[in-house]
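All ligand and atom numbering here is 1-based and tracks the order in the structure.
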Amino acid sequence: MQPSVLILDEPTSQLDPIAASDFLNTVKKINRELRTTIIITEHRLEDIYYCSDKVVVIEDGKMIAKDEPRKVGDYLKKCGNEMFTAMPTPVQIFYGVGGKGRCPLTVREGAEWLDQVFQDHAPQVTAVDDTPETNLDPDNIKDPAVLVKEAWFRYEKDSPDVLKGVTLQVPKHVLYAIVGGNGTGKSTTLKVISNICKPYRGKVLINGKEVKKYKSGELFLGNLAMLPQDPQSLFAKKSVQEELEEMLTGSKEEKAEKVAEMAELCDITRLLKSHPYDLSGGEQQRAALAKVLLTDPKVLLLDEPTKGIDSFFKQKFADIMMKLKERGVTIIMVSHDVEFCARYADLVSMFFDGGIVTTNTPNRFFSHNSFYTTAANRMSRHVFTNAITNEDVIELCQKNR
Ligand SMILES: Nc1ncnc2c1ncn2[C@@H]1O[C@H](COP(=O)(O)OP(=O)(O)O)[C@@H](O)[C@H]1O
Ligand SMILES: [Mg+2]
């Protein structure tokens, strides 16, 4: 259509990090070479923030900042605005250690800035403690909540195998993250765990019992719940309120009370009367999460739960996950959000070509990966050996003052 203005609304929310970066590079090229004006909304700012001419921050329907990227970061920091936590990693680390001078915006600028910081004194402490707790040693997991053993699956009899001997063991009460490229079989693995897809070879056990031996109602009543990749597929009613009530039994008052409590937790109270299809992507994600949590599962499967969610609710979502873990829930999460996995997961697995190729604790997992890793790790790996979150880098910078 050869437009002169191109408007993109969170275009990378469903893409894996490498595909997202490729996509945004194309957008940049369109802007530079075809001189097309681009207006883009994004939550994942690492790859696009630095090259924007103007950044606009909107809060409660009002524009609170409009400036070039470096100034916006500085402004949000100075006024203590929560949106600062949405800034790209180098910006957060720079201000986190009280950096002076020009703030780095990209991984490369961040790495150069760290070089300057340690120009006269090489760091003495170069690693954060990453010794796994005993139950998290991936080679020695006892009594797992979920066990998948050599599962093979294909969608049609004569189509190629999608799962080629998937094996995974998930310890009880942990957040277990699965990362990997698009189309490698991650969602299919979750469907196999929840017995929606039945493997033609291999086994799936939930709390020691084979998943196919659970009666159909029994599995989804308090044992296991799944938030699918497309949250809309969970909605069939006219309002969010009805969607949530549907999950409950008991008197009208009891239901209303539980719904109100869950709506509060998932930050959807003001949306209860809305039609589920009228919500934004992130709001649908939260409504679907509320619906799934109302079944009070022991094992919770989440397929890309943080897509379309802003940094503010993401923090809240993390708090909910930590609370569920304390209550004994085991969470398996497929995600492209490496920053989130690095910060909150207990174990991370890499999925590639129909199987799991490595599993480790986040610090070990991400610091051994060159591409599939966090911005904090990429900007600091030449000075620190295993820093993967902003906090890790800030901690090590402070220890080496
Ligand atoms: N319902 C389906 N019928 C046929 N093929 C499917 C179906 N769902 C997924 N696939 C195929 O299985 C492969 C793995 O898909 P999926 O598990 O969704 O990957 P991921 O979640 O890792 O992106 C892809 O090649 C996809 O096209
Ligand atoms: Mg998927």
Q: Would you sort out whether Asn390 and Glu339 count as a side-chain hydrogen bond (donor to acceptor under 3.5 Å, both in side chains), showing the intermediate values?
A: CA-CA 9 Å; Asn390 300 354; Glu339 319 288 333; over 6 Å; no
Q: Residues two or more places apart in sequence or in another chain: which of them pass ring pair (Phe, Tyr, Trp, His ring centres under 6.0 Å) with Phe94?
A: Trp113
Q: As an exercise, state the distance from CG of Leu271 to CD of Gln284, rounded to the nearest 0.5 Å.
A: 10.5 Å
Q: Determine whether the aromatic ring centres of Phe365 and His368 lie less than 6.0 Å apart.
A: no
Q: Within 45° of the six-membered ring axis of Tyr214 and under 6.0 Å from that ring's centre, is NZ or CZ of Lys209 located there?
A: yes
Q: Hey, is the Mg ion (ligand 2) within less than 2.8 Å of some N/O/S atom on Gln229?
A: yes
Q: Report yes or no: is the cationic atom of Lys77 (NZ for Lys, CZ for Arg) closer than 6.0 Å to the six-membered ring centre of Phe84, at no more than 45° off its axis?
A: yes
Q: Looking at Lys258, I'd like to know if its NZ atom is crowded, meaning that more than 12 non-hydrogen atoms belonging to other residues, nucleotides or ligands lie closer than 6.0 Å.
A: no
Q: Mind checking whether the Mg ion (ligand 2) has an N, O or S of Ser187 under 2.8 Å?
A: yes
Q: Which protein residues have a heavy atom closer than 4.0 Å to any atom of ligand 1, listed by chain and number?
A: Tyr155, Val162, Gly181, Asn182, Gly183, Thr184, Gly185, Lys186, Ser187, Thr188
